[in-house]
2 protein chains.
Amino acid sequence: MSIAYDGINKEGLSTQIADAIRTAIMEGRLVVEQRLPSENELAERFGVSRATVREALKRLAAQNLIRTQRGPTGGAFVNRLTWSEAHDALVTTSTLLIGMNDIPFEDVVEARFTLEAACLPLAAARREDKHLEVMRQEIAQQRMKDVSDEDFCASDVRFHRALADAADNPVLSFQMAGVIESMQPLMNMITYRMRDRTRIAALHDALADAVDAKKARAALKVLNELSSYTLELMAARRNARATTA
Amino acid sequence: MSIAYDGINKEGLSTQIADAIRTAIMEGRLVVEQRLPSENELAERFGVSRATVREALKRLAAQNLIRTQRGPTGGAFVNRLTWSEAHDALVTTSTLLIGMNDIPFEDVVEARFTLEAACLPLAAARREDKHLEVMRQEIAQQRMKDVSDEDFCASDVRFHRALADAADNPVLSFQMAGVIESMQPLMNMITYRMRDRTRIAALHDALADAVDAKKARAALKVLNELSSYTLELMAARRNARATTA
DNA sequence: AAACAATAAATTGTCTGACAATTAAACAAA
DNA sequence: TTTGTTTAATTGTCAGACAATTTATTGTTT
């Protein structure tokens, strides 16, 4: 008989074990730096083989929830999620999400500039020399003749990240990095003419100046121009594609 | 001799294999819904055992990059990342990040309300009945006498998510969900007196009214009050703790 | 006693081979 | 045609072994 509708076991064992441990971490029953039982012990406790436990642990490691170390005193430890790890995870997720779901370019641009505009007042109030230095340096690179379109985009990303960092709020920096970097693949599809680059560098200059002078209102105006110009470039690219096709 | 510095093998084999496949997906060499070779084939190609391949695949599955299916015609398929999956990943990451790195509460509140304020003009312009209905409904629940603090917070989260959704931009909704939900554990630590709840519900009411009337400026003012009030509540909680301790 | 080298032990990483579970497709029967 | 049955491909799990890594211990030399 053994009806035994204990728990719905639709998911595999390794998934269930990973979920159990993940929940324990999120609920604080396992704290940072705490060592989990060894793989053999876990296998015994859950009543599964070591291979199954390992697959579960690999899932958690992929999410930066745990970290493993060999040798005696080794094992799996609850990992303190760093900004860097979280940043990478967010960028990966956002990039794939946007890359695989043909989101309208307009939506991405709108989201990015809306959020960036929100950071501007804080950035203007709190900017430090180190942020302005990065911004100026990137503008200089954007004016150089021999950079590829890809390098130009990468420099653009660094410029805007410096701007976001100037707001001096780690949570904002984290969130902004997601929207800014996930847009890079889309921006990479644009071919920048020399006059486009010059225009963008000029706008960046104006933006840096406004932030430097702590004039949030002026900075906002420049940012809006930058947003419009980005949309124009993308529209131009679309037209070019349409005629050649 | 066999110096063989082929690739730096500091990382384990399963990690390297996972990275190789992940890169192939991110670079578009593997496209959505494409089937990967079977585990046995992958094991042969990479020159490792099936167990190692499986650990690599589990890592990718944990990041929602692939999906596996049994049976003939089964295998591992490149997964189209859905908004829901990405949302869950972002919330998990943000929540852990904030929970494990004692970020100042002020920073989190500032980030959340700054970003939310940025969404307000869009929300006021585009709000539809469905968003307002959700907001009104949640306000009603917040006024009910017998809801726990936790339920009150959950309702608050739903209210603000509806507000973000009203901006009608999926990228914004995605980003906002991250800041809003990751703040919930912090909000849960607050004990809400009846007058606190009444005040918050009143502010929510005013916010909904302003958005309903498409008055972005008015809504912004209310949101700022809400932000200040949240900080006050948190400060009060901190004082209470300090005196009892 | 101190410094250094060899050894042992614990733990993760990988391999091998096997079997169970699932499922689509081919086949057979009513 | 429909309905069951078999078959084969594939993932899921298991058991046991050995390799690699790293710490602690033990022994040896100075």
Side-chain angles (χ1 to χ4, degrees), chain A residues 2-22 25 30 33-79, chain B residues 2-22 25 30 33-79:
Chain A
S2 133
I3 303 189
Y5 259 73
D6 230 334
I8 310 129
N9 290 349
K10 188 70 195 301
E11 297 292 334
L13 290 176
S14 72
T15 308
Q16 294 178 48
I17 292 170
D19 288 345
I21 299 177
R22 184 183 306 109
I25 294 175
L30 290 170
E33 297 305 319
Q34 183 172 342
R35 181 183 178 278
L36 272 63
S38 76
E39 295 177 351
N40 280 318
E41 247 184 284
L42 287 173
E44 268 191 34
R45 285 203 207 173
F46 284 106
V48 299
S49 73
R50 202 185 140 213
T52 302
V53 167
R54 279 183 63 79
E55 289 184 4
L57 293 181
K58 290 313 149 205
R59 294 182 121 103
L60 300 175
Q63 298 177 299
N64 297 120
L65 290 182
I66 64 169
R67 171 172 40 85
T68 56
Q69 199 182 350
R70 290 210 266 203
T73 77
F77 298 83
V78 178
N79 188 46
Chain B
S2 131
I3 304 189
Y5 259 74
D6 229 336
I8 311 126
N9 292 349
K10 185 71 195 298
E11 297 292 333
L13 289 177
S14 72
T15 306
Q16 293 178 51
I17 292 170
D19 288 346
I21 298 177
R22 184 183 305 109
I25 294 176
L30 290 170
E33 297 307 317
Q34 184 173 341
R35 182 182 177 279
L36 273 64
S38 76
E39 295 176 350
N40 279 317
E41 247 183 285
L42 287 173
E44 268 192 32
R45 286 203 206 172
F46 285 106
V48 299
S49 74
R50 204 185 137 213
T52 303
V53 167
R54 280 183 63 78
E55 288 184 5
L57 293 181
K58 291 311 152 209
R59 295 183 121 101
L60 300 175
Q63 297 177 300
N64 297 119
L65 290 182
I66 64 171
R67 172 172 38 87
T68 56
Q69 199 181 350
R70 290 210 267 201
T73 79
F77 297 84
V78 179
N79 189 45

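The figures that follow rest on heavy atoms only: side chains count, while hydrogens, waters and symmetry mates do not. Letters go in sequence order (proteins before strands), and every chain restarts at 1. Predicted model, so just to flag it, every value in this text is computed and none were measured.
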From CZ of B:Arg70 over to P of C:dC19, roughly how many Å is that when rounded to an integer?
18 Å
Which nucleotide sits closest to the side chain of B:Asn40: C:dT12, C:dT14, D:dT11?
D:dT11
For the pair made of CG in A:Leu13 and P in C:dT22, what is the distance, rounded to whole Å?
11 Å
Mind checking whether A:Ser14 and A:Glu11 have side chains closer than 4.5 Å, heavy atoms only?
no
When the distance from CZ of B:Arg67 to P of D:dT10 is rounded to whole Å, what number comes out?
17 Å
Determine the contact category for B:Arg35: base if any of its heavy atoms lies under 4.0 Å from a base atom, sugar-phosphate if only primed atoms, P, OP1 or OP2 are that close, otherwise nothing.
sugar-phosphate
Would you mind telling me which residue lines up with the more 5' stretch of DNA chain C, B:Thr15 or B:Pro72, judged by nearest nucleotide?
B:Thr15
Give a yes/no answer on whether the side chain of B:Lys58 brings an N or O atom under 4.0 Å of OP1 or OP2 in D:dT11.
no
Rounded distance in Å - CD (A:Gln69) to C1' (D:dT21)
10 Å
Residue-phosphate contact under 4.0 Å: A:Thr68 side-chain N/O, C:dG13 OP1/OP2
yes
Here's a test of your reading of the structure: between A:Val48 and B:Ser38, which maps to the more 5' nucleotide of DNA chain D?
B:Ser38
Rounded to the nearest Å, what distance is computed from the CD atom of residue A:Glu39 to the C1' atom of nucleotide D:dC14?
15 Å
Out of the candidates B:Val48, B:Leu60, B:Leu42, only one should pair with B:Ile17 under the side-chain contact (heavy atoms from CB on, under 4.5 Å) rule; please name it.
B:Val48
Can you tell if the side chain of A:Glu55 reaches within under 4.5 Å of the side chain of A:Leu13, non-hydrogen atoms only?
no
Expressed in angstrom and rounded to an integer, what is the separation of A:Leu42 atom CG from D:dC14 atom P?
14 Å
Rounded to whole Å, the CD-C1' distance (B:Glu11 to C:dT14) equals 16 Å
Does the pair A:Leu57 and A:Leu36 meet the rule for a side-chain contact (heavy atoms from CB on, under 4.5 Å), with working shown?
CA-CA 10 Å; A:Leu57 293 181; A:Leu36 272 63; 4.3 Å; yes
Expressed in angstrom and rounded to an integer, what is the separation of B:Glu55 atom CD from C:dT14 atom P?
7 Å
Look at the side-chain N and O atoms of A:Thr52 and state whether any lies under 4.0 Å from the OP1 or OP2 oxygen of D:dC14.
yes
So does A:Arg54 get a side-chain nitrogen or oxygen closer than 4.0 Å to the phosphate oxygens (OP1/OP2) of C:dG13?
yes
When you measure from the side-chain N and O atoms of A:Ser49 to the phosphate of D:dC14, is any distance below 4.0 Å, counting only OP1 and OP2?
yes
Do A:Ile25 and A:Arg22 touch side chain to side chain, with heavy atoms closer than 4.5 Å?
no
Counting only distance, no hydrogens or angles, is the base of C:dG13 paired donor-acceptor with the side chain of A:Arg50 under 3.5 Å?
yes
